[in-house]
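Please read the structure below before turning to the comments.
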Amino acid sequence: MPPAASPAPSPTDGPNRRWWEHPWLLLALVIAATVPMIWPQTPPLVDLPGHIGRYRVQLGLEESPFLGRYYQFDWALIGNLGVDLLIEPFARLFGLEMGVKLIVLAIPPLTVLGFLLVAREIHGRIPPTAFFALPLAYGYPFQFGFVNFALSMALAFLAFPLWLRLGRSGRWKLRAAIFVPISCLIWVSHTFGWGLLGLLAFAGETADQRDRHGATRLQAFFKGGLHCIPLALPFVLMLAWRSGAVAGVNADWFNWDAKGRWLLSILKERWETWDKAGAILLMALPVLGLIRLGFKFRHALALATIFLTLIFVLLPRIVFGSAYADMRLTPFLVAVAVLGITPKGWVERRLSGAIAVLALLFFVSRIAVTTWTFADLDQAWRGQLAALEQVPPGSRVLVQASVPCNRAWRTNRMEHVGSLAIARRDAFTNDQWAMPGAQLIKVRYREGAPFVLDPSQIMRPHPRCRSYNETILPLFLQLMPTDGFDYVWFVDLARPLWPEDQRLTPVWNGGARGILYRLADSATSASETPNGSRARPTR
């Protein structure tokens, strides 16, 4: 990938500033990134209700008369605690669900701000092409609900320009003193963010050695690594974390079909043609810089793009039992590539304004569609969550969320909606994921086996697309434990499929979709089952 021949110019202001670099416009873009999250009661991100359920256990285990019967929570230092730590003060100030909403609402604008700051520091000004990268703040990993990951990546993009600025001004000691704690903070938020910061910093230092100091490639790599030593302390934290009880394996290497789908899914949201067209556009832009067709790459982000591409190729789909490891990188790989290019020659002289207009229209249209999509999803979620009004506190709720096959593009994201029963009713639900070393929650309740852990709450429409531990309706009715739960909640299940079973007594339905049953021979709430019984483990 051809780098620019010279380092980025110094930032320009005043009369040399282009209209798209005006601070008020940039501020408006950062604020616009919050708009899709304002209306929904709960941000409609796939995994987020599961996280909210865990936060309720984290915050309320000691005060709740029910949660301790079902769950255990033990604090430990792991590289996956971003929102888990922030929710401690936010829940006390705003309540659990509003606290989560405020934290998650802040992630996209922080990411947009980080993108803009990186572009300005790398190029010396904000090129018009940079605005094309901004919709990636709502990329697929964020839509999936990987909130700790997304927060850490936003922090990495905010920290990287500061790293460059301090290095360019020669304040090495100050940079080292600042970035030792910053690197640890980002690592605690999520390991991937720290890894990204280290990679960007290494690419920036290596490029600087080549461009400003005339070092050979080998010298540039060596000196670039030395300069990144202040970011290395989390390696010690990583060794301590991963030497403990860590579940899961690394699997599914070099799955080219999946990797291709992840690249086309960087903007996956609701409409496949619209989302894929945006993804193809974003991936085509860096190619113009690669072949120098009216655009050029800045050396630092060209190197970073190469490094991220190699990591994406080599990373398996499953790392330590956690899926979608390689998928998470794709929006940020593309963002780094897009942020690294800038118009040159006649394209810069004649078309920069038009490019800025097109890029801003792309961002605004993506935000508008995301806002509409989130409002629609919020309405669907509220319709299903009305069932919780019929669930007594402390109940054992067996959730079956009707979701399409994995290859379906449009879904209602109901996989973990059931976990809001934990947050709102101190209930037990069977959709928490609990892997040692990855989450701090443990599930104590085993009477409902095999329906106690994620993904036992997922019900697919066809056997051919059912993954391990997921169900289809006939299989569920065959395996349903009648003495381990108080309620069975079919989330978003279409009315024609509602089962008529003598063991199930309907107590609520959502009209055309979703129904809640009480198990006929079960207690109606946890308080009616004697403590110490086999169905109610005591703390």
Examine the side chains of [X] and [Y] and answer whether a donor and an acceptor come within less than 3.5 Å of each other.
X	Y	answer
Gln457	Thr429	no
Ser456	Asn469	no
Glu348	Thr342	no
Arg513	Asn412	no
Trp498	Asn509	no

In the structure I gave you, are the side-chain heavy atoms of [X] and [Y] within less than 4.5 Å of one another anywhere?
X	Y	value
Asp454	His416	yes
Val391	Trp489	no
Leu200	Leu164	no
Val369	Trp274	yes
His51	Phe146	no
Leu231	Phe202	no
Gln58	Asp84	yes
Val188	Trp194	no

Within a radius of less than 6.0 Å around CH2 of Trp24, do more than 12 heavy atoms belonging to other residues, nucleotides or ligands occur? no
Does Trp39 have more than 12 heavy atoms from other residues, nucleotides or ligands lying within 6.0 Å of its CH2? no
[X] and [Y]: aromatic ring centres closer than 6.0 Å?
X	Y	answer
Phe362	Phe131	no
Phe254	Trp256	yes
Phe476	Phe451	yes
Trp271	Trp372	yes
Phe149	Phe142	no

Could you note down all residue pairs passing ring-ring contact (aromatic ring centres under 6.0 Å, His included) where residues 92-118 supplies at least one of them, sequence neighbours left out?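 Of all non-adjacent pairs touching residues 92-118, those that pass ring-ring contact (aromatic ring centres under 6.0 Å, His included) are Phe90-Phe94, Phe115-Phe157.
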Where does the angle between the aromatic ring planes of Tyr517 and Phe490 fall among parallel (under 30°), tilted (30 to 60°) and perpendicular (over 60°)? perpendicular
Residue pairs passing the salt bridge (charged side-chain N to carboxylate O under 4.0 Å, His left out) test with at least one member in residues 89-114, sequence neighbours excluded, are Glu88-Arg92, Glu97-Arg424
Does [X] reach the main-chain N or O of [Y] with its side chain, forming a donor-acceptor pair under 3.5 Å?
X	Y	result
His123	Arg125	no
Arg54	Gln432	no
Asn406	Cys465	no
Ser152	Ile186	no

Stepwise side-chain contact (heavy atoms from CB on, under 4.5 Å) check, Ile458 with Asp431: CA-CA 8 Å; Ile458 293 179; Asp431 59 351; over 6 Å; no
State which residue, out of Lys259, Arg317, Arg261, fulfils the salt bridge (Lys or Arg N to Asp or Glu O under 4.0 Å) condition with Asp326.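 That would be Lys259; it is the only one of Lys259, Arg317, Arg261 passing the salt bridge (Lys or Arg N to Asp or Glu O under 4.0 Å) with Asp326.
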Between Arg413 and Asp376, is the closest basic N to carboxylate O distance under 4.0 Å?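 Result for this pair is no, no salt bridge flagged.
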When you look at Leu25 and Leu360, which way does the side-chain contact (heavy atoms from CB on, under 4.5 Å) test go after all the steps? CA-CA 10 Å; Leu25 174 60; Leu360 289 169; 4.2 Å; yes
